[in-house]
Number of protein chains: 2
Amino acid sequence: MVAAMQSRTPTTPPARTGGRPRSATADAAILEATRQGLVELGWSRLTLGAVATRAGVAKTTLYRRWAGKSELVVDAVAELFDELELPDRGSLAADIEGVVLQFAALLGRPETKTALMAVVAESTTDEPLRERIRQSIVDRQKRLVLAGRERAQQRGELPVEPDPSAAARTADLIFDVIAGAVVHRALVSAEPVDEEWARRFTLLLLGGLAAAAAQT
Amino acid sequence: MVAAMQSRTPTTPPARTGGRPRSATADAAILEATRQGLVELGWSRLTLGAVATRAGVAKTTLYRRWAGKSELVVDAVAELFDELELPDRGSLAADIEGVVLQFAALLGRPETKTALMAVVAESTTDEPLRERIRQSIVDRQKRLVLAGRERAQQRGELPVEPDPSAAARTADLIFDVIAGAVVHRALVSAEPVDEEWARRFTLLLLGGLAAAAAQT
DNA sequence: CAGTTACGCTACGACCCGTAGCGAAAGCCA
DNA sequence: TGGCTTTCGCTACGGGTCGTAGCGTAACTG
């Protein structure tokens, strides 16, 4: 069930046999240029031509690797989500605060701010894109939540649900609550996700988990 | 502190004295055409030219009233949020489920699905737009949460916080949790916000509120 | 009636899109 | 070394959208 950490391959896997290989340097330059462009121009004013110029690459090279702006931007910001980690802080409460602050740190960057909502908006009318987002971004976040949950169960802070279907639904619920609250606070309400907010949110969620556990 | 329900005025208030008045019929036709366009084309492929044609209006008329696509779309979907109501269902739990399902019903529509995330994305680099969204859409949702909270306090289900500053922070927190979770479930996870999910979410939140109240 | 504002229409330069076609570069294999 | 294959940079292009200007007409006020 663990998604293989597949190397990000823009479009079709290069090829089978010989020929000039794709420049990995160009790949990195393009993704970096995309992030810079997002910072300086924002999603809507970002153009593929500008990315190509800034990356020192021909525009055609971009179109050979990515289907469009959405796909490129997803890959560009997905790299930032690779750094997500969740050190064991000893308690469920501390781990939740850790997750919240990790998400908040990423959503605080201007690149991700403007890009995430935009590609999600596009994905509502583009199913393959939605799947790409899920694999590249959402699942990377979800891992943190699942890790924290498992740790809490090992500590005895959370009950182990025997029914795998119910357990999955619970995990999904918790994930949507955490990620949703942070995103909404940061991007819609546009107010800071600082330590005080994280503490208050954690208190709220923790109480809910305890109550839900007691009811079971 | 209650925002006056100002009539939606696209750009600058028409004028002071005589002259040909703006056609209210055209206004309605444009907003309706915008929603139809969102359904059929989605945000990115929606063009102001297409909206004008569909509304039976000259393109220039659009630009005389709205600064751009974002502003127009905000007004178009904001009308849908006018129908938001929260009937008293007798208990806090039932009211929370009501709020959740109301939000979910709106987010289920294809117009709002593709539009909301897009305009929020734009608003990250456009402060006036963010304010417009807040007034036209977010505050309309927030009213429901505040109403439910007040009802619960009158019923004695929730404590009345004396410090108005702390009370406001709590209300903000609850709002971000509810709206965020629903949005994330509906648009990012792209799974249905049905009654079962609403029930489970309510259980979680209710437990958290009870625990937070006990701690105070 | 004159004055004022909104409207429909046309036309326009500017920009971006996505693709085609070319010659050159960079690998692999005999 | 020479052939084969694939990618690269470059140029050029038709098609579409943008946002605005200019004009004559419509609607409403005093």
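Letters A, B, ... mirror the listed sequences (proteins, then strands); counts begin at 1.
At whole-Å resolution of the value, OH in A/Y63 and C1' in C/dG21 are 17 Å apart. Protein atom CH2 of A/W66 is 18 Å distant from nucleotide atom C1' of C/dT19, rounded to whole Å. Distance B/R20 CZ to C/dT5 C1': 9 Å, rounded to the nearest Å. If you take CG of B/L46 and C1' of D/dC18, they are 14 Å apart, rounded to a whole angstrom. For the pair B/L62 CG and C/dC9 P, the interatomic distance rounds to 13 Å; values are reported in whole Å. Going from atom CZ of A/R64 over to atom P of D/dG9 covers 8 Å, rounded to whole Å. Atom CZ of A/R22 and atom P of C/dA25 are 21 Å apart (whole Å). Following rounding to the nearest Å, B/K59 (NZ) and D/dG22 (P) show an atom-to-atom distance of 16 Å.
In the model, B/R200 has a side-chain atom that pairs as donor or acceptor with a side-chain atom of A/T170 under 3.5 Å.
Backbone-only contact: B/S23 has heavy atoms under 4.0 Å from sugar-phosphate atoms and none from a base.
Residue A/T61 places at least one side-chain N or O under 4.0 Å from the OP1 or OP2 atom of D/dG9. OP1 or OP2 of C/dC17 sits under 4.0 Å from a side-chain N or O of A/T47.
A residue-by-residue look at B/G19 and B/L48 shows that B/L48 has its nearest nucleotide of DNA chain D further toward the 5' end. Comparing B/P21 and A/K69 by the nucleotide of DNA chain C that holds the closest heavy atom to each, the one mapping nearer the 5' end is B/P21.
Between atom OG1 of residue B/T124 and atom CZ of residue B/R130 there is a gap of 7.0 Å, rounded to the nearest 0.5 Å.
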Task: Evaluation steps, salt bridge (Lys or Arg N to Asp or Glu O under 4.0 Å), between B/R35 and B/E79 - done: CA-CA 10 Å; B/R35 287 188 290 266; B/E79 285 193 335; 2.8 Å; yes
Task: Audit row: A/D75, A/R132, side chain to side chain contact (heavy atoms under 4.5 Å, CB included) steps and yes/no - done: CA-CA 9 Å; A/D75 285 3; A/R132 194 190 196 94; 3.1 Å; yes
